[in-house]
There are 2 protein chains.
Amino acid sequence: MVQDAYSAKPMPVTIAEVARKAGVSKSTISRYLNGLYDHMGADTRERISQVIAELDYRPNALARSLKQKRTYTVGAIVANILNPFSTSIIRGIEDTLKAAGFNLILCNADDDPAKERDYITMLADKQIDGLIINTTGCNNDLIAQVNRNTPVVLIDRKVPEIQVDTVTVDSAKGVRQAIDHMVSLGHRRIAMFTLPYDHVSPRLERVQAYQAAVAEHGLDFREEWLVQTDIEEVSITAKLQHILALGDKAGKPTGIFCANNLITMSVVKVLKKLGLAVPADVAVLGFDDWEWAELIEPPVTVVAQPVYEMGNKAATLLIKRLTAGRPPKKPATIMFEPELIRRKSCGE
Amino acid sequence: MVQDAYSAKPMPVTIAEVARKAGVSKSTISRYLNGLYDHMGADTRERISQVIAELDYRPNALARSLKQKRTYTVGAIVANILNPFSTSIIRGIEDTLKAAGFNLILCNADDDPAKERDYITMLADKQIDGLIINTTGCNNDLIAQVNRNTPVVLIDRKVPEIQVDTVTVDSAKGVRQAIDHMVSLGHRRIAMFTLPYDHVSPRLERVQAYQAAVAEHGLDFREEWLVQTDIEEVSITAKLQHILALGDKAGKPTGIFCANNLITMSVVKVLKKLGLAVPADVAVLGFDDWEWAELIEPPVTVVAQPVYEMGNKAATLLIKRLTAGRPPKKPATIMFEPELIRRKSCGE
DNA sequence: CTGAAAGCGCTAACAA
DNA sequence: TTGTTAGCGCTTTCAG
């Protein structure tokens, strides 16, 4: 068949062509490509090397993977790529994977279960060797199914129904540190802002830990102080105005604990727009640190998670499964330690 | 052959199995999968649908792509995923691609030419249909070669040697806006901080535009004010201290123009550490906006680029090539308009 | 040390 | 309306 004059893709060179030009069989080329030249004629080897260079030949990974049933590729799906939390994790995953010779396909679920679902199936269809996912928590069935063929590692968010390696942070301890810190600075009326916490384990854990800490410290508490919200400015503004209008005697909180960095940013932004001073009018403490948290005025006090290391660990766990001598070990859950970073947003 | 007891991957179900169970040929299944059931027996269709559901069958994308010579996947390589500039672009690319039915493989070159090189070949080996790249500028040969088989779109950074669609921002105009603004606020001694600008077109353009603007306004100028640096705190600190120690009469600049957001963040951070007030001690204006630039104290004035739209556009151009009626059009370079966003870091 | 041949899972003429 | 057949580009026994 003749090559179409306008066709976008010129005929790429195949192993057969290399074989012909080098005057050997495809098998020999294949062996060469796979480093099996222990017992290969030095002359043949040399010739093949030359022909390959000359033709600029690169093996087709699709064909190879189809035959070998391995792609040496792992997929990673993060919840929201605009969140520094996700990008740091990605860097952690990437470095470890690369060092081990695996490729990475990155996907951004955008906190949308449907999008996540699409990406999971796309990756599975592409026959990835493994999956690392910071899941929305709404596709557990699919993830479990993928996990039957392909090792999966969960990051940040746990899903007890699925038996897989999981990397998280000790949210309870982090919240404890946060509340202890605020209390030590004299706060006794502490509100908490969180994204909706159904389906998402760390969010739920943080809310529960907040409630526990409030109880143990014998702090004041009102249902209205536990606010579930999205990060839109209008929403945050409304909720903030509501709790801050509660009136001073035991009604208005003096501090706000934000359950993740997105919330923290929004809260700080809105507070600023409302002309409220931090921490004079109200203190702020966030869960999760990020590069420029100290650039905000005032620099915001946070509970930091070792995000990069969490990415490393997730990749390491996955690689272990991918290269494991059998039989496979029981799934483990690794919990990292959070760390309080004192800056200026809580007073002192 | 018997399935190995410990083998990680259970035998996945293939089209042949579906065919057998449904009592039809593989071709029929294939037709079904590809939506060619116009002239298919309603009964067969029904049966196939059932068997597929029953077996949880998913076609192997590797096999399909090998045969079709299309992966419906485009690769995107960004310079630095920790940079909000990159992530916004990614979102733009992603949305457009998804809407057009293409998959996206994301890679982070980390501003490292070697890493970039690896990713480009990896993507090419995986037979991507197209590539969008914010290149380091050090792999032009490779990119040109890929471009012979596969449409490439350059984003943010131009490479004149390669004939491809390119999406950029009008750096010259942006810089002009920046300098004009500072001048209008009374600054006549303006320094510029930039990352090393060899290989990277927008950086070079910005430096040239800065020099041109300085000349046209008849501003004071000293070689030392044009500083090339990395974003490490130590480097920035040293350079900053140097120019600020120059002495007041025409030596010490009153304003600093930062050529990109990474530089801006570092400069602001170091200024803060040095106890210098912005804009009282020195004004700051940055190229490129980002979500939380207004959270900094003072909120920093910037020249914003429509990053999300640039991502959209890059993807759109690529899709056009991928779905084009032939013959292909000549490569175009699209230039987006920057926009000055006045905040507080330049005085007034 | 190297080659022949079969086959990975799918699609696409061409027949029927 | 459906089946047969021949590959896509590579790897991998099995022979020699």
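Computed over heavy atoms, backbone and side chain alike; hydrogens, waters and symmetry mates excluded. We name chains A, B, ... by the order of the sequence lines, and we start the count at 1 in each one.
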Side-chain N or O of A:N60 closer than 4.0 Å to phosphate OP1/OP2 of D:dC8: no
B:S30 side chain, from C-beta outward: closest of C:dA4, D:dT11, C:dT11: C:dT11
Presence of B:T14 side-chain N/O under 4.0 Å of C:dG9 phosphate oxygens OP1/OP2: no
B:R64 CZ to D:dG9 P, straight-line distance once rounded to whole Å: 18 Å
Nucleotide of D:dT2, D:dG9, C:dT11 approaching A:L66 most closely (side-chain heavy atoms): D:dG9
Whole-Å gap separating C1' (D:dC10) and CD (A:E17): 14 Å
Shortest side-chain distance from B:M40, nucleotide among D:dA6, D:dT2, C:dG3: D:dT2
Salt bridge flag under 4.0 Å for residues B:E94 and A:K115: yes
Atom-to-atom span, OH of A:Y72 to P of D:dC10 - whole angstrom: 16 Å
Salt bridge flag under 4.0 Å for residues B:D118 and A:K98: yes
Single hit among A:L317, A:T168, A:T166 for side-chain contact (heavy atoms from CB on, under 4.5 Å) with A:I334: A:L317
Closest to side chain of A:T28, choosing from C:dG9, C:dG3, C:dG7: C:dG3
Distance in angstrom units between A:I15 CD1 and D:dG7 P, rounded: 18 Å
Selected nucleotide, minimal atom distance to A:T44 side chain, candidates D:dG9, C:dT2, D:dG3: C:dT2
Most 5' of A:I29 and B:G23 on DNA chain D, judged by nearest nucleotide: B:G23
Whether A:Y32 and A:Y37 hold their rings parallel, tilted or perpendicular, with breakpoints at 30° and 60°: perpendicular
Closest contact, heavy atoms only, B:A61 versus A:Q127: N-OE1, 4.4 Å
Spacing between A:Y32 atom OH and D:dC10 atom C1', to the nearest angstrom: 17 Å
Nearest atoms (heavy-atom pairs only) where A:I155 meets A:M310: CD1-O, 3.6 Å
Residue A:V24, side-chain heavy atoms: nucleotide from C:dG3, C:dG7, D:dT1 that is nearest: C:dG3
Polar pair under 3.5 Å, donor/acceptor by atom type, side chain B:R58, base C:dG9: no
Distance in angstrom units between A:R45 CZ and C:dT2 C1', rounded: 15 Å
Donor-acceptor pair present, A:S27 side chain and D:dT11 base, under 3.5 Å: no
Phosphate OP1/OP2 of C:dA6 contacted by A:K67 side-chain N/O (<4.0 Å): no
First encountered from the 5' end of DNA chain D, between B:D43 and B:A63: B:D43
Any B:K26 side-chain N or O less than 4.0 Å from OP1/OP2 of D:dT5: no
Rounded distance (Å) that lies between atom P of D:dG9 and atom CZ of A:R20: 13 Å
Atom-pair distance (CD on B:Q68; C1' on C:dG9), nearest Å: 12 Å
Given C:dC10, D:dT2, D:dT11, the nucleotide with the shortest approach to the side chain of B:R31: D:dT2
B:Y57 side-chain N/O to C:dC10 phosphate OP1/OP2 under 4.0 Å: yes
